[in-house]
Chemist: 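There's a structure below that I have some questions on.
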There are 2 protein chains.
Amino acid sequence: MTNPATIEDVARLAEVSIATVSRAIHYPEKVAKSTRQRVNQAIAITGYTTNAMARSLRMGRSNMILVLAPDISDPNFSSILIGLENEARANGYGVLIGHTQNDAERALEYLKFVSSGQAAGLVLFTGHQPFGHEASVERLPPAVAVFEPVFNSSISFVGVDDQAGGRKAAEHLLAAGHRHIAFIGDSKTRLAYQRRRQGYEAAMDAARIPPQQRTVLAGDGSIESGRLCVEQLFMRDTLPTAFMCVNDATAIGVLNGLTARGYDIPREFSVIGFDDIPQATYVKPALTTIRQPRSTIGKKAISLLLTSLEDSQTPPQEVLILPDLIVRGSVS
Amino acid sequence: MTNPATIEDVARLAEVSIATVSRAIHYPEKVAKSTRQRVNQAIAITGYTTNAMARSLRMGRSNMILVLAPDISDPNFSSILIGLENEARANGYGVLIGHTQNDAERALEYLKFVSSGQAAGLVLFTGHQPFGHEASVERLPPAVAVFEPVFNSSISFVGVDDQAGGRKAAEHLLAAGHRHIAFIGDSKTRLAYQRRRQGYEAAMDAARIPPQQRTVLAGDGSIESGRLCVEQLFMRDTLPTAFMCVNDATAIGVLNGLTARGYDIPREFSVIGFDDIPQATYVKPALTTIRQPRSTIGKKAISLLLTSLEDSQTPPQEVLILPDLIVRGSVS
DNA sequence: TTGTATGCGTTATCAG
DNA sequence: CTGATAACGCATACAA
């Protein structure tokens, strides 16, 4: 319960100045072997640990990276996070998570956290700027977005090539013989989803499926919205034979809706998702989907962030990773 | 991209001393109205924001709370977190998350983070001490554990009354007429699970079910372990008619195992879980379970932490909340 | 090789 | 009501 030892305690015990202690820690070769030993001993005795805050204040830079997430329960989040953490750790950085709950005010507080130097850089998991108003954008700390690009900004992005992935999904359905493929979960606001749809359209174009044979339903990426889309479709005359869903959650909703109506998947309908979240394995039938290379994304994001930390002149980049198709049981 | 404004910039612009600026911010009534206005104006112009790091260094206390989680993707985590965040925010604190991945070294780094003053207190989501070795335990910052008590320590705990919950679950099965109830997911290391089992035993005792009619299988709380337990049970002569699972994940595994063998739930077997995670609703049949009052837990945990922050003499407490039974479709 | 002194941005104490 | 100034714990330029 006593206060943590400071560098001064160590100095006193080792009978040297605090400068020497600091040097013994950061430049061991610049201090005589005998004094170095005394210092190390004193450190061991006192249990001294350098006060990260004071250090950051003095150096004007911390060794923490802040990850901003609107929703930590997003199944995509945790595995990307692990990729981030491992790479950060390998480079001497720690990772902190700020949960914004999609709330601008919270985001702003976290932003202050980093601009007051408590974190060196930012990883954004959200698809939008983390600021209430677009004020003070010029004071934005080094940042990189993952999973979903930041709309209309010059922030670097590391993620999956959504368009290529969308195309791959659609082509898989096409190759299975489907001609009438519905796109479920279209979004006006989420860039990643729009790109997936572009991939769908491109594949349909290439297969010479006329636009009037394409069905596109809007959604918000939730399980519930997938189920709802199925209901909507059953109000119509013509039904698709396959569902290409904007993400796995939507696909699970579609699966639920379909089986609730007594249909047998994949015999009567085919369904494909996107992301490959853990749940995709447990659902019945197991979901055929496009896999997010999550740990790769995390890794690349950190190394990108670190280089722009070293050299603030680095121009923003977009790193797109080609996703793989994971064939399971929901397509025939 | 210019450096953030400091208190000195504001002072210069308002033509006052930095002391006055600080006062105008923290004790507005102690400064003349006219100067106060000048200062506020200068603040607005410069976009000044007090540097949290310098402030914390000077004050020896920050307004951040660090939440340590071994596994972000734990479905129990996110909703407790929201409770924590809301209550913290209402009291002027921010919340940061440290993801330990159950790794002692990572935990240690986060611990340094708080002992260097970058966070005022700690919320533990894990069931064990967050230290490599139990060294320096006396220097432990104010902390409170949620969801799972910290084994063998004097850290305050806020969570569900696991024993009462376990008993409630068993009694529900008993009331449905079951006599042979298996307990799935026994654990030697996790205190919360042990308590749930004690509740089970208590209920069985009260119903005068002899110990030899009780079946207890070990598990680790995962979906997979639930499925495995079912396999094990089918190697035996006598089968239970009901499964009381240590948590929902295990229960879902049991459900999967049972339906994979072609059984109809709840007609042929009954299953009850514990936690009420979101997935419990989506599984078929929907899971009858014991609900964790998650946002209440979060709220109480923070207020407990804050009081022990004000007055470090507060003795450790154990706050146990009575959980409710949620009846859905997996018990008959 | 080591020590002294300064400053990072704040808050708080003490005079004026 | 306001201003100088010390201190928080550390790293480093400069002097010795």
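Because the structure is predicted, anything quoted here is derived from the model rather than measured.
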Chemist: Would you mind telling me which of dT2(C), dG3(D), dC10(D) lies closest to the side-chain atoms of S17(B)?
Modeler: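 Closest nucleotide to the S17(B) side chain: dG3(D).
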
Chemist: Within this structure, what is the NZ-to-P distance between K30(B) and dC14(C), rounded to whole angstrom?
Modeler: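 Going from K30(B) (NZ) to dC14(C) (P), I get 13 Å.
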
Chemist: Quick one: which protein N/O atoms are closer than 3.5 Å to N/O atoms of nucleotides 5-7 of chain C? Pair and distance per line, please.
Modeler:
{"unit_1": "dG7(C)", "atom_1": "N2", "unit_2": "R58(A)", "atom_2": "NE", "d": "3.2"}
{"unit_1": "dG7(C)", "atom_1": "N2", "unit_2": "R58(A)", "atom_2": "NH1", "d": "3.1"}

Chemist: At their closest point, which heavy atom of S17(B) faces which heavy atom of A11(B), and how far apart are they?
Modeler: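 Reported closest heavy-atom pair: C-CB, 3.9 Å.
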
Chemist: Scan T50(A) against the nucleic acid and name what it touches under 4.0 Å (heavy atoms): base, sugar-phosphate only, or nothing.
Modeler: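 Sugar-phosphate, backbone atoms only, no base.
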
Chemist: Contact class for T49(B) vs. all strands (heavy atom < 4.0 Å): base, sugar-phosphate, or nothing?
Modeler: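 Counting heavy atoms under 4.0 Å across all strands, the contact made by T49(B) is with sugar-phosphate only.
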
Chemist: What's the CD1-P distance between I7(B) and dT10(C), to the nearest Å?
Modeler: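 Computing the I7(B):CD1 to dT10(C):P distance gives 6 Å.
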
Chemist: Roughly, in whole Å, what's the span from CD in E29(A) to P in dT2(C)?
Modeler: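 Atom-to-atom, E29(A) to dT2(C), this comes out as 13 Å.
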
Chemist: Side chain of A54(A): nearest nucleotide among dT10(C), dG9(D), dG3(D)?
Modeler: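 From the listed options, dG9(D) comes nearest.
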
Chemist: Nearest whole angstrom, please: distance from the P of dC8(D) to the CG of D9(A).
Modeler: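 Roughly 11 Å, once rounded to whole Å.
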
Chemist: What contact category does S22(A) fall into here, base, sugar-phosphate, or nothing, at under 4.0 angstrom with non-hydrogen atoms?
Modeler: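 Base, at least one base atom sits under 4.0 Å.
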
Chemist: Taking N86(A) for its side chain and G83(A) for its backbone only, find out whether a donor-acceptor pair lies under 3.5 Å.
Modeler: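 Not confirmed, N86(A) side chain does not pair with G83(A) backbone.
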
Chemist: List the steps and the verdict of side chain to side chain contact (heavy atoms under 4.5 Å, CB included) for E87(A) and K300(A).
Modeler: CA-CA 8 Å; E87(A) 185 70 5; K300(A) 295 233 181 195; over 6 Å; no

Chemist: What's T35(B) touching, base or sugar-phosphate or nothing? Going by heavy atoms closer than 4.0 Å.
Modeler: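 Sugar-phosphate only.
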
Chemist: Of M59(B) and E15(B), whose nearest nucleotide on DNA chain D comes first from the 5' end?
Modeler: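 By nearest-heavy-atom nucleotide position, the 5'-most residue is E15(B).
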
Chemist: Which is true for S56(B) with a 4.0 Å heavy-atom rule: it touches a base, it touches only sugar-phosphate, or it touches nothing?
Modeler: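 Nothing, no nucleic acid heavy atom in range.
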
Chemist: Do R23(A) side-chain and dT12(D) base share a donor-acceptor contact under 3.5 Å?
Modeler: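 Checked by distance alone, the answer is no.
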
Chemist: Please determine whether the number of non-hydrogen atoms from other residues, nucleotides or ligands lying under 6.0 Å from atom CD of E318(A) exceeds 12.
Modeler: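 Check passes, neighbour count above 12.
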
Chemist: To the nearest 0.5 Å, what is the distance between CD1 (I97(B)) and CG (L68(B))?
Modeler: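 These two atoms lie 10.5 Å from each other.
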
Chemist: Ring-plane angle category for F77(A) and F125(A), please: parallel below 30°, perpendicular beyond 60°, tilted otherwise.
Modeler: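 The arrangement is perpendicular - the two ring planes meet at more than 60°.
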
Chemist: For a quick test of your reading: what N or O donor-acceptor pairs under 3.5 Å do the side chains of residues 25-32 of chain A make, sequence neighbours left out?
Modeler:
none

Chemist: Toward the 5' end of DNA chain C, which comes first, E8(B) or A32(A), by nearest nucleotide?
Modeler: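 It is A32(A), whose closest nucleotide lies nearer the 5' terminus.
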
Chemist: Find the distance R55(A):CZ to dG9(C):P and express it as a whole number of Å.
Modeler: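 Between P of dG9(C) and CZ of R55(A): 17 Å.
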
Chemist: Could you tell me how far apart M53(B) (CE) and dC8(C) (C1') are, to the nearest whole angstrom?
Modeler: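 Taking atom C1' of dC8(C) as the reference, CE of M53(B) is at 8 Å.
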
Chemist: Side-chain N or O of Y27(B) versus OP1/OP2 of dT2(D): is the shortest distance under 4.0 Å?
Modeler: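 For Y27(B), the contact criterion (side-chain N or O under 4.0 Å from OP1 or OP2 of dT2(D)) is not met.
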
Chemist: Taking only side-chain N and O atoms of T20(A), does any of them lie within less than 4.0 angstrom of OP1 or OP2 on dT2(C)?
Modeler: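 Indeed not, no polar side-chain atom of T20(A) lies that close.
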
Chemist: To the nearest angstrom, how far is Q118(B) atom CD from dC10(D) atom C1'?
Modeler: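 Result: 13 Å.
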
Chemist: Between CD of Q118(B) and CG of L96(A), what distance do you get to the nearest 0.5 Å?
Modeler: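 Atom-to-atom, Q118(B):CD and L96(A):CG are 8.5 Å apart.
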
Chemist: In whole Å, what is the span from the CG atom of L57(A) to the C1' atom of dA7(D)?
Modeler: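 So the CG-C1' distance, L57(A) to dA7(D), works out to 12 Å.
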
